[in-house]
J.: 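Before I ask anything, here is the structure I am working with.
Only this structure's heavy atoms are used, side chains among them; waters, hydrogens and symmetry mates stay out.
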Amino acid sequence: MMEKIQITLKRSFIGKKDGQIATAKALGLRKIGQSVVKENNDATKGMVHKIRHMVEVKKID
């Protein structure tokens, strides 16, 4: 089984690039403080990297 990561939106979409907003929404993040749990694979890592300044990431066992 692949490990999971919890991604929490910490910053507003205001003033962010359209691609960054689209990436956050594709991860399921809509509101500040909202968290989602995703598989820790290359696709998810790439998405998190693109919006790393807007999110907080924790590993889940």
Side-chain angles (χ1 to χ4, degrees):
M1 187 175 105
M2 199 167 256
E3 82 176 2
K4 304 241 183 202
I5 55 174
Q6 179 181 4
I7 307 160
T8 306
L9 187 63
K10 290 292 181 180
R11 303 240 173 208
S12 167
F13 293 145
I14 297 170
K16 302 298 187 276
K17 295 177 182 171
D18 290 343
Q20 293 170 343
I21 296 169
T23 300
K25 289 188 175 181
L27 284 168
L29 298 169
R30 303 266 186 280
K31 296 180 180 179
I32 295 172
Q34 183 181 6
S35 296
V36 292
V37 176
K38 298 284 183 184
E39 296 279 338
N40 190 14
N41 56 32
D42 289 341
T44 306
K45 284 180 193 174
M47 293 172 87
V48 168
H49 187 266
K50 186 170 182 175
I51 59 168
R52 63 192 179 276
H53 58 288
M54 297 168 60
V55 295
E56 185 177 271
V57 180
K58 292 181 188 170
K59 289 187 180 178
I60 298 176
D61 295 334

J.: Do Lys59 and Glu3 have side-chain heavy atoms sitting under 4.5 Å apart?
T.: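 The answer is yes, as the side chains (C-beta and beyond) meet within the 4.5 Å cut-off.
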
J.: Any side-chain heavy atom of Gln6 sitting closer than 4.5 Å to one from Val57?
T.: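 The answer is no, as the side chains (C-beta and beyond) never meet within the 4.5 Å cut-off.
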
J.: Write down the atom of Ile51, the atom of Gln20, and the distance for their closest heavy-atom approach.
T.: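 Closest pair (atom of Ile51, atom of Gln20, distance): CG2-O, 3.4 Å.
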
J.: Which heavy-atom pair separates Arg30 from Phe13 by the least distance, and what is that distance?
T.: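 Shortest heavy-atom separation between Arg30 and Phe13 comes out as O-CE1, 3.7 Å.
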
J.: Looking only at heavy atoms, which two atoms of Thr44 and Glu39 are closest? And how far apart?
T.: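 Scanning both residues, the minimum pair turns out to be OG1-O, 3.1 Å.
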
J.: Please round to the nearest 0.5 Å and tell me the distance separating atom CZ of Arg11 and atom CD of Glu56.
T.: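 Those atoms lie 11.0 Å apart.
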
J.: Please report the shortest heavy-atom distance between Gln34 and Leu29, naming the atom on each side.
T.: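 Smallest heavy-atom distance, with atoms named: O-CD2, 3.4 Å.
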
J.: If I compare all heavy atoms of Ile21 with all of Lys16, which pair ends up nearest, and what's the gap?
T.: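 Heavy atoms only, the tightest pair is CD1-O, 3.7 Å.
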
J.: Closest approach of Thr8 and Ser35, non-hydrogen atoms and distance?
T.: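 Closest pair (atom of Thr8, atom of Ser35, distance): OG1-OG, 2.7 Å.
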
J.: Rounded to the nearest 0.5 Å, what separation is found between the OG1 atom of Thr23 and the NZ atom of Lys17?
T.: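 It comes to 11.5 Å.
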
J.: Say you draw a straight line from CE of Met54 to CD1 of Ile7; how long is it, rounded to the nearest 0.5 Å?
T.: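 CD1 of Ile7 is found 12.0 Å from CE of Met54.
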
J.: Compare all side-chain heavy atoms of Lys45 with those of Asn40 and state whether any distance is below 4.5 angstrom.
T.: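 Counting from C-beta outward, Lys45 and Asn40 do come under 4.5 Å.
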
J.: Return the NZ to CG distance between Lys50 and Leu27, rounded to the nearest 0.5 Å.
T.: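 Rounded to the nearest 0.5 Å, the NZ-CG separation comes to 10.5 Å.
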
J.: Does NE2 in His53 sit with more than 12 non-hydrogen atoms of other residues, nucleotides or ligands closer than 6.0 Å?
T.: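 Yes, because the 6.0 Å sphere around NE2 of His53 holds more than 12 heavy atoms from other groups.
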
